[in-house]
Structure formats: C-alpha cells, structure tokens
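Structure first, then comments.
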There are 2 protein chains.
Amino acid sequence: MTPPRPYHHGNLRQALLDRAATKLHEKGAAELSLRELSGEIGVTHAAPRRYFPDRQALLDALAVEGFARLGARLREAAATPGGPAERIRSIADAYIGFTTSEPNLVELMFAHKHGAGAEAVARSAAEAFAPILDVFRQARPEGGPQDAQRAGLVFLATFQGLAGLISCGIVPPHQIDELVADAVARFDGNGRPAPDTA
Amino acid sequence: MTPPRPYHHGNLRQALLDRAATKLHEKGAAELSLRELSGEIGVTHAAPRRYFPDRQALLDALAVEGFARLGARLREAAATPGGPAERIRSIADAYIGFTTSEPNLVELMFAHKHGAGAEAVARSAAEAFAPILDVFRQARPEGGPQDAQRAGLVFLATFQGLAGLISCGIVPPHQIDELVADAVARFDGNGRPAPDTA
DNA sequence: ACCTGAACACCGTTCAAGT
DNA sequence: ACCTGAACACCGTTCAAGT
C-alpha cells in the first residue's frame, strides 16, 4: 500500500545527472566517478545501472542536456531585436558566454568519443545549432540554404574554436572581447564584403 | 664493468611516449593506462615513475610533442611559395590535415586540464602557432603587430574549431573542403574586404 | 521495478627493497 | 641511477539476491 515512491526519492536518473552536471563545474569529465556520485546521493554503486548501462551512457546524457541548454541560450539570442547583424553579434556573445561558464561541460559535449548514445548527442547538437543556421538564412536569403549552412558552420567553428582557446588558456581573458568583435566582423554580410562598407 | 645501459633498453621515457602516441591513434587519452603501457614495454607498473611523477605528466609530455609536430607542419606550410594568400591557404590545409589525422592527440593538446607541466605545454603551443602570426604580420604590415595577432588568433580559432566539429562528427567529411575554402576566404586581406575584390 | 551486496579485473600511487 | 614487488585505495562492470 506504499505509494509508488521507490527505495530512493523517486528519480535517481535525474539526481545522478544533476549531481554530475554540478560536479562538471569544478572537475573535468575524466574525474567523474559513478561510485562517488552514487555514494553522495545515497545509493549503492550498482544502482545507476538501471538508468545508465555504463559510464559513457551518463556522459552522453550529460552532453545531450548540455546541448539543450546551449540551444535555449542561442534561441534567446537569435530573438534579439534588430537586423541580422545584431542577432549574429548576440549569438556570438551567447555562445562565448555559455562556453566560458561551462568549459568542462562543453569539452564533454564536443568530445569525439560518444558511445551508444552518439546519435542522440548528434541530434541534440543539430537542434541546438538551428538558430545559427536560421539567422544566416535570414541574413542572406538570396544565397540559398547551401550558402547559409556553409556560413553558419564556419561561424560555429570560429566561436567553438575561440571557446577552446580561451578555456585552455591560449587566449587570455582580457583579449576575449576584441577577438569576438574581430571574428563577428568577418561574418558581416554573410562573409562577402558589403558593397558600401569600405 | 657493464656498460651504462640500464635494466631496460636505455630510454624508457621515450619508449613510453612513443607507445602512448601510437595508442592515441586508436584510443582516446582517457583510455591510456600507465600499467598497460608498462606491461607492453616490459617493465613493471611502477617504473614510469622515474620519468613521469604521475599520469598527467605523461599526458602533458604527449601534448608538448604534439605541438612540436604541429609546429613543424605549420612551418613547412608557411614556407610555401607565393604571396600571403597562398601561404594562409597552405597553413589552413596543413592545420586541417594534422588535426584530422590525429584527433585524439589534438583533443589532448587542447584539453584545459594540464598539470604541473601546463606552462611547458603553453610554451610549446605558442611556438607552434608562431608561423601563423608571422604570416599575418607579413600579409598586413601596416596594421601593426596588434592587428596581426588578432587576425592570427581568430584564424587559429576558426580552424581549430573546424577540426573539432569534424572529429566529433558535426561536419561530415565531404563538406570539409568547401568549409575550409569558405573560412580561408574570410581572411583574405587580413579580414578587411580587399578594395578590388567585389 | 528498483536497488543491494559481494565479486572480479583493472587502475594510479606510494615506498621499501633490490641491483 | 633505475627498476622491482607488494600494498593501498579507488574504479567500472557484472549478477544473483532481496523488497
């Protein structure tokens, strides 16, 4: 007659994900331990197996959550008032803001070793990047979707690369703003020099 | 009266590095095991300690070697005949060539968790990137070193980011060439639209 | 359905001891 | 100087068993 609340408080899966995401603030994904996580939550080390068949499955789920959060930030930024130039700038700032605040999570998201959940990670990544492609489609509708996708991917590469250089220390913090401005300027007019901008 | 050849064949440190670098072709850095490496080389698991105080020290040394190899490739590419535009294109190709052939090594090189050898890694990285900054200085001497460093760092970010998107599967292989071309075009004339290029 | 408890093979790190 | 061998604490994974 006990309610359907199990041994644990009801949602071990989410509890593990939340705790792991919190730990990613301080430690890298390599230091995440299922046993430690389990112990802190108050279950035995074998309990996670119901929800994550192995350690990689939890890392994949963390990556999916990370892309969902990043996608939400980018969608907000893409809805900024103004023309395409303002929205592109806003997206760039949002991207750098997210990646610098969550370097360990971002490193996990872009790791090229995903397990069985690799397709799910790829889907969530594609969804997160949709606002970028949308803005570039709006910016240069005459170029066609091929052009927009190309520009969007190079834009993504630029700021993802910048994020990596920042978090590994190659780009010092005081130089971030000028580099973001320089990078954004390279996408004005979708990469072709605007005719009236000397 | 035995010659100064120790127990092992004489250079355990380099043997460990070589074997680890080879393994990085197939496995990620997370799967590298000092014990496995030691066993395959023929020493006990505690032997590496003479040369690498901990596991991170070996990873740091691998990163330093990786930056040395990357730097050599970039120096070659920067010496390509032709003007700055040709050299920039050549450097971009070399960068993408190296990173796509060694994704695990590159992921290790740009990891933001280096240990006591972090400064050594940073130094080797700066040395590797020098050819990029040099070419941008040559391309736009009137802009001054500040401008060249800015452009060089954004260039580096763009191709390092592209490398990451390729190796994690977001950019499909068949699209690499067009994206590299698109990205390179954004650095013609050091980022400012050339006056005679409509 | 959900979790426990014990077992297995592996790991990095440490250190006294050997040569 | 260079490496061994044993010990320690930790890990992911597996699985029969409990509730």
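Order of the sequence lines fixes the chain letters, A, B, ..., with proteins taken first and strands second; residue numbering starts at 1 for each chain. Keep in mind that the numbers below use all heavy atoms, side chains included, and drop hydrogens, waters and symmetry copies.
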Test side chain to side chain donor-acceptor pair (under 3.5 Å) applied to Gln56(A) - qualifying residues, sequence neighbours left out: Asp60(A)
Listed partners of Asp54(A) passing side chain to side chain donor-acceptor pair (under 3.5 Å), at least two apart: none
Neighbours of DNA chain C within residues 21-31 of chain B, by heavy-atom distance under 4.0 Å: none
Grab the [atom1]-[atom2] distance between [X] and [N] for me, whole Å please.
| X | N | atom1 | atom2 | answer |
| --- | --- | --- | --- | --- |
| Arg50(B) | dA1(D) | CZ | P | 8 Å |
| Arg13(A) | dC3(C) | CZ | P | 13 Å |
| Ile41(B) | dC2(D) | CD1 | P | 16 Å |
| Tyr51(A) | dA1(C) | OH | P | 12 Å |
| Leu12(B) | dC3(D) | CG | P | 5 Å |

Which side-chain N or O atoms in residues 28-36 of chain B pair as donor and acceptor under 3.5 Å with protein atoms at least two apart or in another chain?
| residue | atom | partner | partner atom | Å |
| --- | --- | --- | --- | --- |
| Ser33(B) | OG | Arg35(B) | N | 3.3 |
| Ser33(B) | OG | Glu36(B) | N | 3.0 |
| Glu36(B) | OE1 | Lys27(B) | NZ | 3.2 |
| Glu36(B) | OE2 | Lys23(B) | NZ | 3.3 |

Glu142(A): salt bridge (Lys or Arg N to Asp or Glu O under 4.0 Å) partners, not counting sequence neighbours: Arg140(A)
Any residue meeting salt bridge (Lys or Arg N to Asp or Glu O under 4.0 Å) with Arg19(B), in chain and number order, not counting sequence neighbours: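 For Arg19(B), the residues satisfying salt bridge (Lys or Arg N to Asp or Glu O under 4.0 Å) (neighbours in sequence not counted) are Glu40(B).
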Pairs flagged by side chain to side chain donor-acceptor pair (under 3.5 Å) wherever residues 168-179 of chain A is involved - sequence neighbours left out: Gln175(A)-Gln149(B), Glu178(A)-Arg150(B)
Phe52(B) and Leu59(B), any side-chain heavy atoms less than 4.5 Å apart: no
Residue Ala47(B), side-chain heavy atoms: nucleotide from dT4(D), dT14(D), dC3(C) that is nearest: dT4(D)
Closest nucleotide among dC3(D), dT13(D), dT13(C) to the Asp54(B) side chain: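 Nucleotide nearest to Asp54(B)'s side chain: dT13(C).
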Within residues 109-119 of chain B or reaching into it, pairs that qualify as salt bridge (Lys or Arg N to Asp or Glu O under 4.0 Å) - sequence neighbours excluded: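 For residues 109-119 of chain B: none.
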Summary of salt bridge (Lys or Arg N to Asp or Glu O under 4.0 Å) pairs that have at least one residue in residues 93-108 of chain A, sequence neighbours excluded: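 Counting only pairs at least two positions apart or across chains, the salt bridge (Lys or Arg N to Asp or Glu O under 4.0 Å) contacts touching residues 93-108 of chain A are Arg69(A)-Glu102(A), Arg89(A)-Asp93(A).
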Hey, can you pull the donor-acceptor pairs under 3.5 Å for the side chains in residues 123-135 of chain B, sequence neighbours left out?
| residue | atom | partner | partner atom | Å |
| --- | --- | --- | --- | --- |
| Ser124(B) | OG | Ala120(B) | O | 3.4 |
| Ser124(B) | OG | Val121(B) | O | 2.8 |
| Asp134(B) | OD1 | Arg137(B) | NH2 | 2.9 |

Where protein sits on nucleotides 6-11 of chain D, one letter per nucleotide: B base, S sugar-phosphate only, - none, heavy atoms under 4.0 Å: BB---B
Watson-Crick or G-U stems involving DNA chain C, each at least 3 pairs long, distances under 3.5 Å, ordered by first number: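 DNA chain C stems, ordered by first number: C:4-8 with D:12-16, C:12-16 with D:4-8.
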Plane angle bin for Phe136(A) and Phe187(A) - parallel if under 30°, tilted between 30 and 60°, otherwise perpendicular: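 Taking Phe136(A) first and then Phe187(A), their aromatic rings stand perpendicular (interplane angle over 60°).
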